[in-house]
Amino acid sequence: MPPKTRRKLNPSSSKKSNVPNNQSQVQPSKFGIQHFFERHSQNALLASQKLNHLSSPPAPPSATPPTNPIPLSPSKSNAASNGAVSVSPNPNLHSHSSPATEAADEVSPLVSKSTSLKRFNFSPGMLIKQSQDDGGDEVTWKISPVNERLLAVSKHTPVLPDSSKHNSFLIHQCSQTKGINTAAKFDKWLSSPSPKGKADKKPLLQANRFGLKRLNPFQDKEVGDSIADENTCLSSRQTPFCTPPSLPYCPDKLANGVASHPLGLKQHKKALLELLDQVEDVISVEDFVSSESEPYSSKAQEGMSKEIPVTADSIGNDVSMGTTNKVSGTSSNGYFLVLEVSEKQTFPESGGSQWPYKVLRLVNEKSGEERAVYLWEECVIAPGDTVNVIGEFDEEGKCNVDHENNFLIVHPDILVSGTRVAGSFSCPRRTVLDERLRCNEHSTAALIGTLLHQIFQAGLVKESPTVHFLEEYARIVLQKNMESLYACGVNEHEIYKTLTEAIPKLVNWIGLFKDTQEPQVPTVDFGSDNGAKKVEVLEVIDIEELAWAPKYGLKGMIDVSVRVKVDSGGKGHEKIMPLEFKTGKMANGQASAEHCAQVILYSLLMSERYLKHIDSGLLYYLQSDQTQGIIVRRSDLVGLIMRRNELAHDILKALTTQQLPPMLQIPSMCKGCRHLDVCTLYHKAFGGNTESSGLGDIFDSHVHHFSNAHGVFLRHWDQLIDLEAREMQLAKKEIWRSHNHKNENSTGCLSSLVLDELPQQESHKENRFIYHFVCRYSPTNNLSGSDRNSISAASSLTKDLDCSLKSGDYVILSTESGHQFVATGIIVELSPDRVSVSFSKGLRLPGGNLSSMREKLLQEVWRIDKDEIMTSFSVMRFNLIQMFLDNEQSSHLRKMIVDLAAPRFDSGCIFSQDPAISYIWSKKSLNDDQRRAILKILTAKDYALILGMPGTGKTSTMVHAVKALLMRGASILLTSYTNSAVDNLLIKLKSQGIDFVRIGRHESVHEEIKGHCFSGMNINSVEEIKLKFDQVKVVAVTCLGITSPLLSGKKFDVCIIDEAGQTTLPVSLGPLMFSSTFVLVGDHYQLPPLIQSTEAREKGMGISLFCRLSEAHSHAIAPLQSQYRMCQSIMELSNALIYGDRLRCGSPEIANAKLKFTKPISCSSWLKIVLNPSEPVIFVNTDMLPALEARDQKTVNNPMEAYIIAEITDGLVNNGIEGKDIGIITPYNSQASFIRHTCKASVETHTIDRYQGRDKDCILVSFVRSNVNPRSCSASLLADWHRINVALTRPKKKLIMVGSWRTLSKVPMLKLLIDKIDEQSVILSLSNDDFNHQTLALQRCSWSQIR
């Protein structure tokens, strides 16, 4: 039976009930999430009222109150209040609803559909995000909905009883002894909290956007044997950090008790689990009639671990952290959600003082079990926060966290640099700004320090280095850092002289500590209590070692990791410890405290990384030639963890509320701060004034130009950047959560990899190491890389490569078995059988020795994750705030972009003797649109906008525009968001004989362009760089690459941004700071900027600068309307739907182009209709076939459509169309993967997003979505008209679309498309008689397995 070809289909089959089957029993009211939380919270409240007794909290170690207690700080002294204070969530988030609001909350799911409210399957803490694998509708939760309801539940549970008044929080004054070592001389400012006023108790509920599931990297196994500790009161050394003492109290005199009876605890847990179960059962995906897919859950595999308690033995003794065989109670395993925070006090003894503490009610995010933590230390914490408890819970589910026992890590997913923590005591606001902004400052002193670090590290790894060796290596180091020398404006000869003056000291230190003989072993002072000890460096384990410890919420880069022999009193012990190198002299006061803090935190990071106890470290000061020993005392460690918690809170608060810590208000310090400009601008933008700044005229002089309108713009875009950054932070955190099991749906990782071979030589002159990974293959695991079965490995890896990773991506390499972070690198090649990654140094596993490292690396199973670079957001924030500085360039940009002043154009006669004008009119290859566009650029005084519609030759136009500008002697900065767009333009410039300089990573640059990079030139001096820039007028770089030191201080006459319609406004601002006139080239009718956060997109972050300016000033636009890609029939689709008939074919040949087969068409009847060259556009309808979409958790694909696409592709290839001329497009990654494995022919198959800027003679489109009873299909990927426009404008001669007419007609945009096709082209409805899908599927499956 011939296939049914019709101009208009009977839509009766698509007019069935829109109500999914699983809604037939839904009641019209009281059937939402809130109802279940209210019902269960009421049950829990009634049950708890039957409990008449409460248990006492566990007793922390007692201590004697000080004779003269000193308040911790005035602000915290006033923080005490009467009774038990229950810290509740933000009232704005949980305000009482009006009757109308309550009625609206109870509307049934059927009614709510009219208000576009969607409901989803979710697990606790899950955040819903649309991706190219998501088949559902798009929904935004500002915070995790379950977390918010859990907080509501906590309101109805029994409130912990009030306690009597308590006095201000007190801290013991440490006694001081004479002769304290320099390491112990810390200023008093370190003994008090940071100058931020009263602790902010406002809950940062948005923290839970960072996710809730967590997988402990080492299953929370406590490492080490002991940490040296001293009692705070009796120590002979004053603790340098804010470390409140253990609080004295009598456990039998606690006011009214604080904890619920275990029965009550169990009942609350049971009610909570029942609640979560029913929530997941009721809330279902209503996008279509759901298949039997399970609700998405990001549960990590729960490992069995034993948490080691941290307890103090006695005064002056070490704190035991050793492994015990027997544990009473349960250890912490995973993150906890804070449900409730209650502030309590101890009951005072006669004449004694009350001591405040906090009771935290927690729920385990994996198991749902409730726990209680008694916190005896000052900590900023609120309901909704996520914490990690490092310690042991007793049998009643309680854990003490105090000065001597255990740790509480707040917001552990925020990995804070150890350097940031150490430097945050003086001004937390400066540290948060350091974290949020990436500045372009280049300091000569900092550069010299970096160079000396590299020379010192080279000497350490060299066997018996000499002065001559290090002097020669200094030349190599200078050559590697020539760009930074250029940025600092210094001469390499001057810097070389400075370096060589320091080299003798370095050689002497290495000879003294590393290559010494027994009698001459040097001594190092470890403090008055530990005295001098002989220290010998036995081995340099690693240099510049990156260490991440999600368990502690810390990260850092350790200068040198060494194995040393420490001899004290005739007893020698081998230890691993960090060696921190400082190029200055031994510091005092604040600097000394910061340096000691760095070493202490690095010791903690190494303990976690090496799974060994590390209780000390070394500090070497080059200028004073002194070496200092640092002992890790628990009192210091607790203080630093507290500071880390405060800093994490400040960073998160800035990310979620845009509120920075208070200004320091000390003019003498602030006026020399590197952030003075931006600090004052932020202060005024968020409501501050001269009085509140505390800086007087200094403040006014920096913000006098800043208007209220400027403040609105800055606040708006600052919030949008943070929304997107939080989404990326969530993605990055998932690296650690899903590490113990392969996430089949993850598109940003490759797992189960093994090394194919180890690099034999370094890559290029940048001294990078390239490693090749292949997929693990079980039968040959014991073979070397070269002996593995390449066919099997290639097949498996090819499947894994169906992800979003691509060449040039930053990635994180870690071990799959032990969840150990190893290194960061850059993908340099992706092939069907392997992935190649470039690293800055050779790979090394922690703890191994060099002799066995090669074998360990080859035997290890690896995982590669995409590293969501957060630095791009710091660049965006920096670009944004730079526009509001008080200088001429910033003022001009503000006027154009913020105030939207009309751009100016030269109105003089263009028929002058200008050689550029003459050149444009003489070029016969340019059409009238292109000439007008180039003239618009040449006459622009402020900016010009070039609207490059599909196929209109915008790249060629830009090449001629660059040539015309060069004829005027203009200097040009060429930029685009992607490396490929920059290089495509440069390749055409190169063909025209135009010289240029390309700035960027060598691995990311196109092969034809690498010779124009400085890394590919023979540049040996700063003068040669200056000379090259003087000779070349064109410089090219990506928008985010403008932070390169080569651009420091550079100015250009014109900046041209290609793909401006796909570039966010904050990213576009960066290049514009380098020029007085700019040109934006793009098409805002195609793909907008890629925004992951739905909330940010809805609030306007998807509006590019190109779109903003084009809508404000249409006279600045020069449209390119003559296209040279699509034939007439294909062009008419996008013309009718998008461009309003403005597009036109550039020539009759283009309009009448048809697909040409080199062989006679020989195939089935339906396929002949599809392949008919006389029908450029055809839609294949699958409604009469069993072609429903298939769901697998959050992914969606359509096997039947994939088989049809594969059959059509084979027909094209078998009849003479080459595979390189065919392209397959689909909205979903999973469908693209399915099609790749189904097609026999080698055809480029990608998502719509990846096909932007590409074209093929023939394009096949698979729409995927198909349901029996579709309701309104509003999935964002199909409803996005930008994506549909891209798909329709990729083909030149033939467009074949495959999909369900019934389902797609529910999408307004696609209904218009189908109607247009029905009007002018062919709709082909396939039936079972036309398409034997079962036999075909079997054949395709067999072939895929063979391949």
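What's counted below: heavy atoms across the whole structure, side chains too, no hydrogens, waters or symmetry copies.
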Please confirm whether the backbone N or O of [Y] pairs with a side-chain atom of [X], one donor and one acceptor, at under 3.5 Å?
X	Y	value
Ser607	Ile614	yes
Arg674	Asp434	no
Arg609	Ala549	no
Arg644	Gly553	yes
Gln479	Ile1019	yes
Glu492	Val1022	yes
Thr627	Val524	no

Would you mind reporting whether [Y] and [X] have side-chain heavy atoms less than 4.5 Å apart?
X	Y	result
Arg643	Pro428	yes
Thr444	Ile495	yes
Arg430	Cys673	yes
Lys551	Ile390	yes
Ile543	Leu460	no
Leu601	Tyr552	no
Val562	Phe513	no
Phe821	Lys555	no

For the atom pair [atom1] ([X]) and [atom2] ([Y]), what is the distance rounded to the nearest 0.5 Å?
X	Y	atom1	atom2	value
Asp615	Leu604	CG	CG	12.0 Å
Gln623	Asp625	CD	CG	11.0 Å
Leu619	Gln626	CG	CD	11.0 Å
Glu1024	Phe1014	CD	CZ	10.0 Å

Next on the checklist: Exactly one of Val837, Ile826, Val828 should register a side-chain contact (heavy atoms from CB on, under 4.5 Å) with Ile770. Which one does?
Outcome noted: Val828
Next on the checklist: Suppose we screen for side chain to side chain contact (heavy atoms under 4.5 Å, CB included). Which residues come up paired with Lys533, at least two apart in sequence or across chains?
Outcome noted: Phe526, Asn530, Val566, Ser568
Which heavy-atom pair separates [X] from [Y] by the least distance, and what is that distance?
X	Y	result
Ser616	Ile631	CB-CD1, 4.0 Å
Asp559	Leu579	CB-O, 3.3 Å
Cys488	Leu447	SG-CD2, 3.9 Å
Ala422	Gln598	CB-CG, 3.8 Å
Gly556	Leu605	N-CD1, 3.7 Å

Item to check | salt bridge (Lys or Arg N to Asp or Glu O under 4.0 Å) against Lys462, all qualifying residues, sequence neighbours excluded | outcome: none
Next on the checklist: My understanding is that only residues two or more places apart in sequence, or in another chain, count here; which of them pass salt bridge (Lys or Arg N to Asp or Glu O under 4.0 Å) with Glu580?
Outcome noted: Lys582
Next on the checklist: Holding to side chain to side chain donor-acceptor pair (under 3.5 Å), I want the full list of residues that pass it with Asp542, two or more places apart in sequence or in another chain.
Outcome noted: Lys841
Next on the checklist: Going by ring pair (Phe, Tyr, Trp, His ring centres under 6.0 Å), name the pairs with one or both residues in residues 460-508, residues two or more places apart or in two chains.
Outcome noted: Tyr486-Phe1029
Next on the checklist: Show, in sequence, the C-alpha distance, side-chain angles and deciding distance for Lys565 and Asp567, and conclude whether the salt bridge (Lys or Arg N to Asp or Glu O under 4.0 Å) test is met.
Outcome noted: CA-CA 6 Å; Lys565 181 179 180 181; Asp567 190 350; 5.9 Å; no
Item to check | Set of ring-ring contact (aromatic ring centres under 6.0 Å, His included) partners for Tyr620, sequence neighbours left out | outcome: Phe456, Trp509, Phe581
